[in-house]
J.: 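Structure provided below as structure tokens; questions to follow.
Since the model is a prediction, treat every value here as computed from it, not as a measurement. The figures here come from the full heavy-atom set of this structure, side chains too, leaving out hydrogens, waters and symmetry mates.
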Amino acid sequence: MLFHSQEFFYFMLILLGLVLFTPQFLVAWLLLAASYIFYGWSGIFFLALLLISSVTDYSIARLFSPRPEWWKRGIALSALVNFSFLGYFKYSNFFIENLNSASQAMGWDMPLPLMKIALPVGISFYTFQSFAYTVDVLTGKLPACRSLPRFLLFVSWFPQLVAGPIMRAGDLLPELQNIERKLRSMPERVPAAAALFAEGWLRKACADLLAPTADAFFNAPATATGAEAMFGIIAFGLQIYGDFSGYTRMAQGASWLFGVR
């Protein structure tokens with residue numbers, strides 16, 4: 001579900017309507033459910049990976065933080081779980097392709113078949129965010145979070161879940177601690193949140209307008225003139241900037257609406 005899509009528009013309308021009529025003690029649960037629905041839109045199976053990664057780091061932080069002498073073991077265990085998932089889903093075929101190239105160069109013509117793997121959306125973002133929390137806790141920079149729902153919300157906070165920015169626990173967790181009380185001042189934040197979101201939407205729209213110019217050059221670089229190459233490269237740079245900065249602005253706007261900076 002992308003921020004500039006019709007689905008997200010309806011998602012936000014429904015969520016805001018529910019937030020207004022939800023008792024304060026259930027607001028965090030509602031936002032957690034909304035974040036998982038937002039992520040599950042790309043595939044129900046991916047929710048299991050998100051949950052496993054989150055529960056693993058929450059448990060490691062709680063179990064190992066009272067034992068400072070075991071901090072290296074805790075970090076190693078967190079890295080093993082998190083980066084095993086990341087490596088399998090993101091780099092398995094990359095490893096196989098390089099292994100096939102190396103074996104072919106040595107005269108071994110026995111290529112391994114590539115695997116059909118669906119890459120979970122945003123797996124890099126939440127993996128590094130969750131792992132960084134464990135590192136911060138076990139190195140004494142942060143106390144361990146004692147609320148599992150609050151920690152799950154930290155990892156899955158929907159505005160920055162699928163495309164970042166990656167947030168440190170010391171910055172985002174305190175923002176989420178009192179989110180129930182922050183909702184009372186939501187009307188005051190609407191203008192600033194809407195301005196941020198609109199700015200991001202315009203940046204993303206401009207990036208989409210530049211895409212054909214960039215694609216025209218990179219699809220056939222050998223036949224391009226010097227001017228076409230220059231325009232194509234500049235357009236591609238601006239397109240990438242507009243995509244990332246635009247999505248970040250929209251994430252900031254959507255998050256600030258709920259009082260989370």
J.: Decide whether Leu209 and Phe244 are clustered together by the hydrophobic rule: side chain heavy atoms of Ile, Leu, Val, Met, Phe, Trp, Tyr closer than 4.5 Å, transitively.
T.: no
J.: Is there a path of hydrophobic side-chain contacts, each under 4.5 Å between heavy atoms of I/L/V/M/F/W/Y residues, joining Val190 to Val27?
T.: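 They do share one cluster, since a chain of ILVMFWY contacts under 4.5 Å joins Val27 to Val190.
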J.: Is Ile52 close to Phe85 at the side-chain level, that is, under 4.5 Å between some pair of heavy atoms?
T.: yes
J.: Hey, are Asp57 and Ser78 close enough side-chain-wise for a donor-acceptor pair under 3.5 Å?
T.: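 Ser78 vs Asp57: donor-acceptor pair found between side chains.
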J.: So do the side chains of Asp208 and Asp243 get within less than 4.5 Å of each other, counting heavy atoms only?
T.: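 Asp208 reaches Asp243 side chain to side chain.
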J.: Between Trp71 and Thr139, is there a side-chain donor-acceptor contact under 3.5 Å, judged purely by atom types and distance?
T.: no
J.: Of Phe158, Trp41, Phe3, which is the lone residue that meets side-chain contact (heavy atoms from CB on, under 4.5 Å) with Phe11?
T.: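 The single option meeting the side-chain contact (heavy atoms from CB on, under 4.5 Å) with Phe11 is Phe158.
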J.: Trp157 vs Phe258 aromatic rings, parallel, tilted or perpendicular, using cut-offs 30° and 60°?
T.: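 It falls in the perpendicular class, over 60°.
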J.: For the pair Arg203 and Tyr241, evaluate side-chain hydrogen bond (donor to acceptor under 3.5 Å, both in side chains) and give the outcome as yes or no after the intermediate values.
T.: CA-CA 9 Å; Arg203 291 188 184 203; Tyr241 172 76; 3.2 Å; yes
J.: Check the side chains of Gln160 and Gln129 for a donor-acceptor pair under 3.5 angstrom, ignoring hydrogens and angles.
T.: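 The criterion, which ignores hydrogens and geometry beyond distance, is satisfied for Gln160 and Gln129.
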J.: Do we see a donor-acceptor contact under 3.5 Å between the side chains of Ser185 and Arg189?
T.: yes
J.: Is a donor on one side and an acceptor on the other found under 3.5 Å between the side chain of Tyr133 and the backbone of Phe154?
T.: no
J.: Looking at Glu175 and Arg150, does any basic side-chain N land under 4.0 Å from a carboxylate oxygen?
T.: no
J.: Is Phe9 reachable from Leu20 through a run of hydrophobic residues whose side-chain heavy atoms are each under 4.5 Å from the next?
T.: no
J.: Any link between Met186 and Trp256 through a network of hydrophobic side chains (Ile, Leu, Val, Met, Phe, Trp, Tyr) touching at under 4.5 Å?
T.: no
